[in-house]
Amino acid sequence: MRKNVLVIYNPKAGTEKAKTFLSKLLVHLTKNNARPVVFPITKQYGSEEIIADEGESADCVVVCGGDGTLNHAVNGLMKLDKRPLLAYVPSGSTNDFAVSMGISDDFRKTCKSIDKGEPFYYDIGMFNGKYFNYVAAFGAFTDVSYDTPQKLKNALGHTAYVLNGIVNLPINKYYHAKITADGNVFEGNYIYGSVSNSTSIGGIKAAEIPGFEPDDGYMELTLVKMPSDIMELGYVLNHFIAQNFDNEYIKITKAKSIKIEFDEEVDWTLDGEYGGRVARADIVVLNKEIGLIR
C-alpha cells in the first residue's frame, strides 16, 4: 500500500536549497512507495496551518527547511488527534536538530526510510503551552538566530550567529531568577539559561553530556551565572570551550519539570525562533511524543 506523504518546504530557508532538490525529492518518494502532496510555506499559509488542514490524512509529514520551520511543524502536529510520523530534510543555516539526531541531508535516505524505516520516538518540550524540539533559552546569544539577517545566515551559516552574538553581547546584562527543577531550587543572577534536548545549539556543538539520550524523558538545564568583570567572563567562556562544567559559574542538571521565575519579563527563544516575553516559564518534558523517521 502506498503511503500518503505530506511534503512541506520552506523556499526561503538557508540558501534556499529546498527549491533546488524538491523535484528530485518527489521522484524518489514516488519510487519508494509514496504518494506525495506538496505545499510551500508562505506568510499566509505556514506549517501549522498546512498540517491542520492536511496532516490527519497523511501517513508521514516531510519537512524541508530549517529548525524554525520544524518548530512550527511540530506545533502543528501536536494539535492533531491522529498524528502522522515526521521526516525531516534539513535545509536551514545551522540545522541543530538534525546534528543532534544524526539526520542526513541526503533526501534519498529519507525517502527509503519512509518506505521501510522504523520510527524513533523522541522527547519534546512544552513551554507555557507552546512546543519546542530541542531548546528553550534566555539571555546571552538567545536573540541571535532570529535577529541575524537572513542574507548573513545564508552566506556564513552558523558563523553568522556567533559573529552577530559577539557584536551584540550586552555588557553587565543579567537576569535574577529562581529556578525549580524537579524539586531542586537554584537562585541567582544569570546571563544565560536553557532547557535543551540537543548536542548542538546555534550551529555550535554543545557539551557531550554524560548519559544524554533524546528519548529518556529528561532535558538538560544549563545555567550560567553573571561574572563580576570581563576577566571572569573570559574565564566562563574558556570553560565552555573546554567543556568543563564543574565550576562555580556553570550549572548543568537534568530535569523533567522546570519552573523559572524572574523579577521582570524576559525574552525567550524556542528552537531559534522568538518565543515571547515572560516573567515565568513553566517547562515540561513530553516523553517520546513525536515519531521521527531518519
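Here the structure is a predicted model, which is why all the values come from computation and not from measurement.
When all heavy atoms of S196 and M219 are compared, the pair lying nearest together is O-CB, 3.3 Å. Closest approach of G272 and Y134 over heavy atoms only: N-OH, 4.2 Å. Shortest non-hydrogen contact noted between S194 and V135 is CB-CG2, 4.1 Å. Of all heavy-atom pairs between N287 and G217, the closest is ND2-N, 3.2 Å. Residues Y190 and A177 come closest through the heavy atom pair CE1-O, 3.8 Å. Closest of all the heavy-atom pairs between G65 and Y88 is O-OH, 3.0 Å.
A donor-acceptor contact under 3.5 angstrom links the side chains of D53 and Y45, judged on distance only. In this structure, a donor-acceptor pair under 3.5 Å is absent between the side chains of Y121 and D215.
Side-chain contact check for K288 versus D123: some heavy-atom pair is nearer than 4.5 Å. Between C60 and I293 the shortest side-chain heavy-atom distance falls below 4.5 Å. Side-chain contact between D59 and P84 is absent, with no heavy-atom pair separated by less than 4.5 Å. Side-chain contact between D67 and N133 is absent, with no heavy-atom pair separated by less than 4.5 Å. Counting heavy atoms from C-beta outward, I179 and I258 have side chains that approach closer than 4.5 Å. Side chains of V37 and N4 form no contact here, defined as non-hydrogen atoms less than 4.5 Å apart. Looking at heavy atoms from C-beta onward, E273 lies out of side-chain contact with F132 at the 4.5 angstrom threshold. For the pair C64/L25, a side-chain contact is recorded, criterion being any heavy-atom separation below 4.5 Å from C-beta on.
Remark: the backbone N or O of E56 is paired with a side-chain donor or acceptor of K82 at under 3.5 angstrom. Under a 3.5 Å cut-off, the side chain of N33 and the backbone N or O of I114 do not form any donor-acceptor pair. Without hydrogens or angle criteria, D267 side chain to R277 main chain gives no donor-acceptor distance under 3.5 Å. Remark: side-chain polar atoms of N128 are paired, donor with acceptor, to backbone N or O of D282 under 3.5 angstrom. Side chain of Y131 to main chain of G76: no donor-acceptor pair is present (N/O by atom type, distance under 3.5 Å, no hydrogens or angles).
The NZ atom of K130 sits 9.5 Å away from atom NE2 of H72, with the distance rounded to the nearest 0.5 Å. One distance of note links CG of L270 with CD1 of I283; it measures 8.0 Å at 0.5 Å rounding. Here the NZ-CZ distance, from K24 to R108, works out to 8.0 Å after rounding to the nearest 0.5 Å. We find the CG-OG1 distance between D115 and T110 to be 13.0 Å, quoted to the nearest 0.5 Å. Atoms CH2 and CZ, from W268 and F262 in turn, are 5.0 Å apart once rounded to the nearest 0.5 Å. Once rounded to the nearest 0.5 Å, the distance linking CG of L223 with CD1 of I260 reads 6.5 Å.
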I290 vs M78, test: side chain to side chain contact (heavy atoms under 4.5 Å, CB included). Steps then yes/no. CA-CA 8 Å; I290 298 291; M78 291 300 294; 3.9 Å; yes
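Under the side chain to side chain contact (heavy atoms under 4.5 Å, CB included) test applied with F97, the options I103, D271, V74 reduce to a single match, I103. Applying the ring pair (Phe, Tyr, Trp, His ring centres under 6.0 Å) test between F138 and each of Y175, Y192, Y274 identifies Y175 as the sole match. Of the options M101, E289, R294, a side chain to side chain contact (heavy atoms under 4.5 Å, CB included) to Y122 is made by M101 and by none of the others. Here the rule is side chain to side chain contact (heavy atoms under 4.5 Å, CB included) with V38, and of I8, V5, V7 only V7 fits it.
Hydrophobic cluster membership differs between V62 and V27, with clusters built from Ile, Leu, Val, Met, Phe, Trp and Tyr side chains linked at under 4.5 angstrom. At a threshold of 4.5 Å between side-chain heavy atoms, the hydrophobic network of Ile, Leu, Val, Met, Phe, Trp and Tyr places F120 and Y218 in two separate groups.
In the displayed structure, E118 atom CD is contacted under 6.0 Å by at most 12 heavy atoms of other residues, nucleotides or ligands.
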